[in-house]
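The first residue in the sequence is number 1, and the count goes up from there.
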Amino acid sequence: QVQLVESGGGLVQPGGSLRLSCAASGSIVRVDNMGWYRQAPGKQRELVARITSIGNTNYTDSVKGRFTISRDNVKNTVYLQMNSLKPEDTAVYYCNAQLSGDYWGQGTQVTVSS
């Protein structure tokens with residue numbers, strides 16, 4: 001059994017920053033890809049950023065240059081540093097980890113509003 005616990009969401013003004021964290025725990029031998037997805041009201045869940053076990057990253061175009069994904073393989077934790085936030089970044093953000101299967105966090109709300 002694997003659990004993903006997210007933290008770091010909240011309300012921030014446009015132009016502000018937030019840092020999301022997601023820690024994986026449980027029966028873990030090795031975590032492969034880790035990533036962040038988001039889902040805004042009325043929209044489909046979309047990939048925001050992904051990082052492989054050796055640190056290769058990819059981002060959706062709308063967040064390139066503003067968001068940075070990183071991970072700590074010892075702690076089995078993935079981070080998402082979000083800078084220059086825009087109202088259109090408002091969504092529920094979900095952590096994803098690929099191990100023996102595909103695992104998801106419970107989601108954390110990010111609201112960008114003045």
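Between the CD atom in Gln81 and the CG atom in Asn83 there is a gap of 4.5 Å [rounded to 0.5 Å]. The CD atom of Gln3 sits 4.5 Å away from atom OG of Ser25, with the distance rounded to the nearest 0.5 Å. The OG atom of Ser21 sits 10.0 Å away from the CD atom of Glu6 when rounded to the nearest 0.5 Å. Atom CZ of Arg71 is separated from atom OG of Ser53 by 6.0 Å, given to the nearest 0.5 angstrom. Rounding to the nearest 0.5 angstrom, the gap separating the OG1 atom in Thr68 from the CZ atom in Arg66 is 11.0 Å.
Proximity of Tyr94 to Arg38: side-chain heavy atoms (C-beta onward) are nowhere separated by under 4.5 Å. Proximity of Ser113 to Pro87: side-chain heavy atoms (C-beta onward) are nowhere separated by under 4.5 Å.
In the displayed structure, Glu88 atom CD is contacted under 6.0 Å by more than 12 heavy atoms of other residues, nucleotides or ligands.
For the residue pair Asp32/Gln98, the side-chain donor-acceptor check at 3.5 Å is not satisfied. For the 3.5 Å distance criterion, the side chains of Arg50 and Thr57 fail to qualify, holding no donor opposite an acceptor. Residues Thr111 and Gln109 bring a donor and an acceptor atom of their side chains to less than 3.5 Å of each other.
Salt-bridge annotation for Lys86 and Asp89: absent, with no side-chain N of the basic residue lying under 4.0 Å from a carboxylate O of the acidic one.
With a 4.5 Å cut-off between side-chain heavy atoms of Ile, Leu, Val, Met, Phe, Trp and Tyr, the cluster of Leu85 takes in Val2, Leu4, Val12, Leu18, Leu20, Ile28, Val31, Met34, Trp36, Val48, Ile51, Tyr59, Val63, Phe67, Ile69, Val78, Leu80, Met82, Tyr93, Leu99, Tyr103, Val110, Val112.
The two atoms that bring Ser17 and Ser84 nearest to each other are OG-N, 4.4 Å, heavy atoms only.
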